[in-house]
Enquirer: 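I have a structure here, written as structure tokens, and I will follow up with some questions on it.
Please read all numbers here as calculations on a predicted model, not as lab measurements.
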Amino acid sequence: MLLAFHFPLLPGEGLGVRLQAQYKVVHLEKPFNTTGSETGALVVGDTVMVYSSMQEGGSRNKQFNLGGGVMQVYQARIARNGKMARPKPDRWGINSKREHTGNVALDPFTHDLYFTRGDIESLHCEIFFAKRKKRRGWEKPVKLKGPVNSQDYTSTHPAVGRLADSTVILYFVSDRPGGLGGTDIWYTLIKNGRSTECINLGPLVNSPDDEYTPFYDQRNGVLYFSSNRPGGKGGHDIYCAAGQRNTWQKAEPVCGCLNSEENDLYFTICSHDTLTGRPLSGFLASNRRDSYFSVDTACCNDLYRWNIDSSEFGIQHTEIAVTTDTDSSEFQTPDSEIHFMFPLFLYFHNDEPDPQSRETATATAYPECQRRYAALRGEYIAHQQNADDSAMMALFFDTCVVGNFNHVEELLDYVESLLDDGHSVTINIAGFASPVYQNDYNLNLSHRRIGTFINMIRAWRGGVFDNALDSGHLRIDQRPHGAVSPTTASQSTDPVYGLPAALARRIEILGCDIK
């Protein structure tokens, strides 16, 4: 059994899986790269690649040596076969003719946009925000309110994450007072459309040198960024640190084959392995020797795609694409094609629901189980034997117990829209238990755990699924399996609180059949 736990990209001897993986780094061809500078590529909704480009003639500032003009956001549609169309300037309305625009970050839950605008002459930068409209497109961008922006120092390179209570946390780069030196990575919470107090991530992430271009992998709880601190391969290298807010493990360089002797920046992830959560592919920007430039390679970054050959780990992918019918001439936004990664996992505390019951049915709905389980986070961490195991358990609660529940809520939102459009949907779900009790007890417990999900669907938004369930347009295919055996030893003095048992107590949403 592959553990359904999310590990970060291999960071040497840190939190990641100790496997010597090989990553391929491929230079994107023209027209995606030019003799100017391209940075900050990311994939939005699996349908479009977004990046920033300052093409030749790009800036009057001598630092760039590219003539006159501005950096702009470009977009390239991604076809179903993975090929990208010719890039075009932004159609979302975030570019400016008078300021540089770049460093786009996407809230993975609301699809709100955060990005940087910078003065052409002084390069002073501020962070802007564009709220996603209910149907399509984004509202007019506005400068983010609150203390994140100031006339006295730069704020740039936004990266979006979510806390366990769903609060938006914005990581960003600034040269403001109170840092460790150069530019540091800071965070601020976004509440009611405003930034709150700005807090430095501290010495486990920042250094006396420069830190740039953060990217937060919400699925694994890992921050990636670039730094020119001593000890790298040269220029700026890519580092990663597990954690959130101002609680971090010590940052380490990512796998050496991703860094070069030149500058390596703007690391992003665009796909994960279905079962393990291992990052499989993404982008970075670099001025490596094969990058395009007309005068001086130091001025100009190009886009590079990185990917891993996951076959060496014996991992198979189960990516389910749910596509709505759209006019192919329309620009596709995240709402026009939605991808879910199956299976989706939901976890339970020991013997939940209905402890010591031998019934196969339950009146408890999963959100109640999830809330009770999430409240035990501190108790589980306290039972671990050392700091590393405590950090792993904290990551499990933040990413799996809380984060996975958010993904399932997104899925139910989409199932509701499919039913509204006249489709029939079958949700396939399996239930498991840890091998603490006898087989017949564990099988009944697996039935009850599946039952909590069915009760959740019954109660969803006041019963919007009732008619579909009664008519058969929404069906639940139940597959209770009983106990599974952990593949690793417990890290806890009490096996109930160990990570292997915690991973075994789950239900799996295996996929959706849509007609």
Side-chain angles (χ1 to χ4, degrees), residues 1-4 274-275 316 318-320 322 340-373 400-401 404-416 418-419 423-461 463-486 501-515:
M1 184 188 85
L2 289 172
L3 292 182
T274 305
L275 297 181
Q316 295 182 346
T318 311
E319 181 173 353
I320 309 298
V322 182
F340 293 99
M341 302 293 283
F342 292 107
L344 293 172
F345 299 90
L346 295 175
Y347 294 93
F348 296 80
H349 179 49
N350 186 54
D351 207 18
E352 285 280 354
D354 308 337
Q356 301 182 13
S357 171
R358 292 188 175 271
E359 299 294 328
T360 57
T362 179
T364 304
Y366 181 74
E368 182 180 347
C369 296
Q370 191 269 347
R371 284 193 295 270
R372 288 200 297 258
Y373 198 12
C400 299
V401 176
N404 288 7
F405 182 53
N406 294 335
H407 294 319
V408 172
E409 288 184 314
E410 291 178 335
L411 175 62
L412 293 185
D413 280 338
Y414 194 65
V415 168
E416 183 180 349
L418 288 171
L419 294 170
H423 295 281
S424 295
V425 180
T426 299
I427 301 176
N428 305 302
I429 184 167
F432 301 89
S434 60
V436 177
Y437 301 108
Q438 296 177 350
N439 289 339
D440 59 342
Y441 185 93
N442 288 323
L443 185 61
N444 292 347
L445 179 57
S446 297
H447 275 286
R448 295 201 304 276
R449 286 177 173 165
I450 293 174
T452 67
F453 181 75
I454 296 174
N455 294 339
M456 174 182 173
I457 291 178
R458 279 284 183 188
W460 185 254
R461 293 187 174 170
V464 297
F465 289 134
D466 281 348
N467 290 336
L469 287 166
D470 294 340
S471 66
H473 285 94
L474 176 60
R475 298 171 59 87
I476 311 297
D477 177 22
Q478 304 180 47
R479 306 176 189 181
H481 289 284
V484 293
S485 298
L503 291 167
R505 300 189 299 257
R506 69 186 190 273
I507 53 178
E508 298 181 9
I509 302 172
L510 303 174
C512 293
D513 301 325
I514 302 168
K515 296 181 181 179

Enquirer: State, to 0.1 Å, how close Gly431 and Ile450 come at their nearest heavy-atom pair, and which atoms those are.
Expert: N-CD1, 3.6 Å
Enquirer: Atom CZ of Arg358 and atom CG of Asp440: how far apart are they, to the nearest 0.5 Å?
Expert: 5.5 Å
Enquirer: Sub-3.5 Å donor-acceptor pair from the side chain of Gln478 to the main-chain atoms of Ile429, do we have one?
Expert: no
Enquirer: Check the pair Leu418, Cys512 against side-chain contact (heavy atoms from CB on, under 4.5 Å), reporting the backbone distance first and the verdict last.
Expert: CA-CA 11 Å; Leu418 288 171; Cys512 293; over 6 Å; no
Enquirer: Nearest 0.5 Å, please: how far is CG in Asp513 from CG in Asn428?
Expert: 5.0 Å
Enquirer: Do the side chains of Trp460 and Glu409 get nearer than 4.5 Å, heavy atoms only?
Expert: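 Contact flag for Glu409/Trp460 side chains = yes.
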Enquirer: For the pair His473 (side chain) and Ser424 (backbone), establish whether a donor and an acceptor sit closer than 3.5 Å, ignoring hydrogens and angles.
Expert: no
Enquirer: Nearest 0.5 angstrom please: Arg448 CZ to Cys369 SG, how far?
Expert: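 Nearest 0.5 Å value for the CZ-SG distance: 10.0 Å.
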Enquirer: Run the side-chain contact (heavy atoms from CB on, under 4.5 Å) test on Asn404 and Leu344 for me, step by step, so that the C-alpha distance in whole Å, both residues' side-chain angles and the decisive distance to 0.1 Å come before the verdict.
Expert: CA-CA 7 Å; Asn404 288 7; Leu344 293 172; over 6 Å; no
Enquirer: Considering all heavy atoms of both residues, which atom of Arg505 and which atom of Tyr373 are nearest to each other, and what is their separation?
Expert: NH2-OH, 3.6 Å
Enquirer: Can you list the residues that meet the side chain to side chain donor-acceptor pair (under 3.5 Å) rule with His447, with sequence neighbours excluded?
Expert: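 Result, side chain to side chain donor-acceptor pair (under 3.5 Å) vs His447: none returned.
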Enquirer: Of all heavy-atom pairs between Ala363 and Asn455, which one has the smallest distance, and what is that distance?
Expert: C-ND2, 3.5 Å
Enquirer: Taking atom OG1 of Thr362 and atom CG of Asn444, what is their separation to the nearest 0.5 Å?
Expert: 12.0 Å
Enquirer: The test is side-chain contact (heavy atoms from CB on, under 4.5 Å); show your working for Leu503 and Tyr347 and say whether it passes.
Expert: CA-CA 7 Å; Leu503 291 167; Tyr347 294 93; 4.1 Å; yes
Enquirer: Name all residues meeting the side chain to side chain donor-acceptor pair (under 3.5 Å) criterion together with Glu359; count only those two or more places apart in sequence or in a different chain, and write none if there are none.
Expert: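 So Glu359 forms no side chain to side chain donor-acceptor pair (under 3.5 Å) with any residue.
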Enquirer: Hey, are the side chains of Arg458 and Asp466 touching, using non-hydrogen atoms and a 4.5 Å cut-off?
Expert: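 Sidechains of Asp466 and Arg458: in contact.
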Enquirer: Report the distance from atom CZ of Phe432 to atom CG of Leu443, rounding to the nearest 0.5 Å.
Expert: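 Spacing of CZ (Phe432) from CG (Leu443) equals 11.5 Å.
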Enquirer: Take Ile457 and Val415 through the side-chain contact (heavy atoms from CB on, under 4.5 Å) test and state the conclusion after the steps.
Expert: CA-CA 11 Å; Ile457 291 178; Val415 168; over 6 Å; no
Enquirer: For Asn467, enumerate each residue passing the side chain to side chain donor-acceptor pair (under 3.5 Å) test, keeping only those at least two apart in sequence or located in another chain.
Expert: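 If we apply the side chain to side chain donor-acceptor pair (under 3.5 Å) test to Asn467, skipping adjacent residues, there are no hits.
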Enquirer: Sequence neighbours left out, what passes salt bridge (Lys or Arg N to Asp or Glu O under 4.0 Å) with Arg461? Give chain and number order.
Expert: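 Partners of Arg461 under the salt bridge (Lys or Arg N to Asp or Glu O under 4.0 Å) test: Asp413, Glu416.
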Enquirer: Measuring from Ile427:CD1 to Ile476:CD1, what's the distance to the nearest 0.5 Å?
Expert: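 That separation rounds to 4.0 Å.
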Enquirer: Taking the side chain as everything from C-beta on, heavy atoms only, tell me whether Asp351 gets closer than 4.5 Å to Leu445.
Expert: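 Of all side-chain heavy-atom pairs linking Leu445 with Asp351, at least one is under 4.5 Å.
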Enquirer: Between Arg449 and Asp354, is there a side-chain N and carboxylate O pair less than 4.0 Å apart?
Expert: no
Enquirer: Output all residues satisfying ring-ring contact (aromatic ring centres under 6.0 Å, His included) with Tyr366, sequence neighbours left out; order by chain, then residue number.
Expert: Phe348, Phe405
Enquirer: For Glu368, give me all partners under salt bridge (Lys or Arg N to Asp or Glu O under 4.0 Å), at least two apart in sequence or on another chain.
Expert: Arg372
Enquirer: Looking only at non-hydrogen atoms, find the nearest pair between Met456 and Ala365 and report the distance.
Expert: N-CB, 3.9 Å
Enquirer: How about CZ on Arg475, more than 12 heavy atoms from neighbouring residues, nucleotides or ligands closer than 6.0 Å, or not?
Expert: no
